[in-house]
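Whatever order the structure lists ligands and atoms in, that order sets their numbers, starting from 1.
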Amino acid sequence: MADLSIKIGHTTFKNPIFVASGTFGYGTENPELVDVSNIGAIVTKSITLNPREGNPPPRIVETPSGMINSIGLANIGVDKYINEMLPVYEEIGSPIIMNIAGSSMEEYIKVLQQMEAVSSNIVGYEINISCPNVKEGGMEFGVDCNMTEKLTKELRKLTDRLLIMKLSPNVTDISAIATSSENGGADAVSAVNTVVGMSIDHKTGKNNIYTTYGGLSGPAIKPVGLACVHKVYNSVKIPIIGIGGIVNSSDVIEYILAGSIAVQVGTANYRDPGISEKILNDLNSYLDEQELDSIDSLIGSVKTYD
Ligand code: DHB
């Protein structure tokens, strides 16, 4: 059997199939449906400094081959995360990557400082600089190279744990933002967050999302994710975690060929919270069939025409 372990920064993961932030709660919600010890890593729901109720409903709607959400960063806040989730993570059996969101540099810094001031087995932080749904949800960082680099640098000073910047596809040049993340000292980038979308009910003439626009995810965005990963792969040396519309092991292989070292399964968890385990088994079978010992030789090896 192939060795599926991968290394990002100084952290080794047993396999490259992670679950994406916002699609797997705090990692503890589905114990009877999924054995989380088989997941490469769980990226937990975005945490902000203070608890948030999120946006009013409707805040989620199904779309062709995908869904749009505008949750508005509903979460329990960092204090409760520390008090209630960290003890559970001691026993969970899967590495935890904490996703952090903020509306100002100070907010990201304060959350990270609070996390670093307590003992925990969290392996790293994914920084959400790409939430499309709140007025000040990090997007202003994710579309601006200088702010991305500055934020990354500030956070880098505060932690030796993995620092992963989560990139938005809603930008002119994702390679430039990835380069700023790398220059700021990030260990990796994850690409991509949701694509801005809109859903209208033609019968009622109503918009299906309270905030008018939301974040589109699911298979509808896989081609966008692949293009972004490939562009970023050609621009930076740090590892890329591919995200966007992954539902099976073929999707994973495509993301690896585009340049990803690991992937996050997101929207597919809503249909089947145990899907990442199945994807992992199928990836293993594929590598055996191809007589490959690891995914290493596949990373970024897509054959392009130029
Ligand atoms: C939300 C956050 C995101 O980063 C995203 O891509 C979509 C939705 C939210 O909480 O609204």
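Here CD1 of I174 is found 4.0 Å from SG of C228. Values are rounded to the nearest 0.5 Å. With values rounded to the nearest 0.5 angstrom, I42 atom CD1 is found 8.5 Å from T28 atom OG1.
For atom 9 (C) of ligand 1, the nearest non-hydrogen atom of the protein is G72 N, 3.4 Å. In terms of protein heavy atoms, atom 1 (C) of ligand 1 is closest to N133 ND2, 3.6 Å.
Atom CD of Q113 has more than 12 neighbouring heavy atoms from other residues, nucleotides or ligands inside a 6.0 Å radius. Within a 6.0 Å radius of CD in E29, other residues, nucleotides and ligands contribute more than 12 heavy atoms. More than 12 heavy atoms of other shown residues, nucleotides or ligands fall within 6.0 angstrom of atom NZ in K14.
Salt-bridge formation is not detected for the pair D296/K7: no Lys NZ or Arg NE/NH1/NH2 atom is positioned less than 4.0 Å from an Asp or Glu carboxylate oxygen. The existence of a salt bridge linking K153 and E149 is confirmed by a sub-4.0 Å separation between a basic side-chain nitrogen and an acidic carboxylate oxygen.
In S46, neither the side chain nor the backbone holds a heavy atom less than 4.0 Å from any atom of ligand 1.
Within ligand 1, counting atoms from 1 as listed, the ones closer than 4.0 Å to a heavy atom of T194 are 5 (C), 6 (O), 7 (C). Near N193, meaning under 4.0 Å from any of its heavy atoms, are these atoms of ligand 1: 3 (C), 4 (O), 5 (C), 6 (O). Each of the atoms 4 (O) of ligand 1 lies under 4.0 Å from some heavy atom of N128.
Ligand 1 has no atom lying under 4.0 Å from any heavy atom of G22. Taking 4.0 Å as the cut-off, C131 counts as a neighbour of ligand 1 on heavy-atom distance.
Checked by distance only, ligand 1 and L73 come closer than 3.5 Å through their nitrogen or oxygen atoms.
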